[in-house]
Amino acid sequence: MWKKRKSAIQIKSRGELDVMREAGLVVGRTLQRLTEAVKPGITTADLDAIAEDSIRSEGATPSFKGYQGFPACICTSVNEEIVHGIPSPSKVLAEGDVISIDCGAIVDGWHGDSAVTVPVGEITPEERRLLEVCEESMWRGLAAGLAGGRLSDIGHAVETYVRGQGDYGIVEEYVGHGIGTEMHMDPAVPNYGLPGRGPVLVPGMCFAVEPMVNLGTAETLLLDDDWTVITGDGRRSAHFEHTFAVTEDGPWVLTALD
Ligand code: LMR
Ligand code: MG
Ligand code: MG
């Protein structure tokens, strides 16, 4: 989500990147705990409570809580929900669901932002493939985040990979973003487009790459809660995200656990 006027892309020092790495590790460890907790019968509000404990017990601050009025520490988007699902005690996970969990944390003013999509028990081969394609497209995008390259190389790598895998819908209304002293900063990082366009990538720039890939149409709808985004055709969606820094030695994935 990104609606502000364009401004210069924030460049971080090595020391600042080290703090962003700490925030990224809090997010990564929290998502790992949440992934392990996902099972039939657990509610998305239970997952939110685990996330809040995990983030605060590490001395970090959940960035989503209160962000533009969002009421929870994570977004939990189940099945046809693409992003921004609100955790609820009445949303009970069932065998065969897929859930996207999106998490953000702040350490000393620096942000990390990452998401995974997790199967609940057994899912169909078609759905497993959707998750694999979405995750791999994120890695392809991250790998294109090279010093001296251009911003649009990232989205081009995501799109090229997904298009080569089948007839998936790539969501266009919601995109990745710059990140640093705020969660959402310039520039927007779309998951599609031509290569070789936009700003030249410089060491110290940080971006969140977050493809949303659907089994069917790329169209989206917004539910009446004004948060939850679902697929236009009700088919399932996947969402993966990592925060990375451009460095002289290639992309440094700040939210990945080693
Ligand atoms: C994001 O990945 O940017 C999310 O965590 C939050 C949002 O508003 O999309
Ligand atoms: Mg996120
Ligand atoms: Mg993000």
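Sequence positions, counted from 1, serve as the residue numbers for this chain. Read the numbers this way: they start at 1 and go in the same order the structure lists the ligands and their atoms. All values below were derived from every heavy atom in this structure, side-chain atoms included, with hydrogens, water molecules and symmetry-related copies excluded.
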Side chains of H156 and Y192: closer than 4.5 Å at any heavy-atom pair? no
Regarding ligand 1, does H239 bring an N or O atom to under 3.5 Å of one of the ligand's N or O atoms? no
Within the 3.5 Å criterion, strictly below it, is a donor on [X] or [Y] matched to an acceptor on the partner's side chain?
X    : Y    : answer
Y67  : H184 : yes
T181 : Q10  : yes
Q32  : T35  : no

Can an N, O or S atom be found in E210 less than 2.8 Å away from the Mg ion (ligand 3)? yes
Quick check: does H177 have an N/O/S atom under 2.8 Å of the Mg ion (ligand 3)? yes
Find all atoms of ligand 1 within a distance of less than 4.0 Å from any non-hydrogen atom belonging to H177, and give their numbers and elements. 1 (C), 2 (O), 3 (O)
Atom indices of ligand 1, in the order listed, that fall short of 4.0 Å to a heavy atom of D102: 1 (C), 2 (O), 4 (C), 5 (O)
Report the part of Y67 in contact with ligand 1, treating N, CA, C, O as backbone and CB onward as side chain, heavy atoms under 4.0 Å; options are side chain, backbone, both, neither. neither
With side chain to side chain contact (heavy atoms under 4.5 Å, CB included) as the test, pick out the partner of D97 among V92, V78, I123. V78
Q68 near ligand 1, heavy-atom distance under 4.0 Å? no
So, of the N/O/S atoms that [X] has, which is the nearest one to the Mg ion (ligand 2)?
X    : value
D102 : OD1
E241 : OE1
D113 : OD1

Taking everything shown except E95 itself, do over 12 heavy atoms lie less than 6.0 Å from its CD? yes
Considering residues at least two apart in sequence or located in another chain, which fulfil the side chain to side chain donor-acceptor pair (under 3.5 Å) criterion with R163? E159
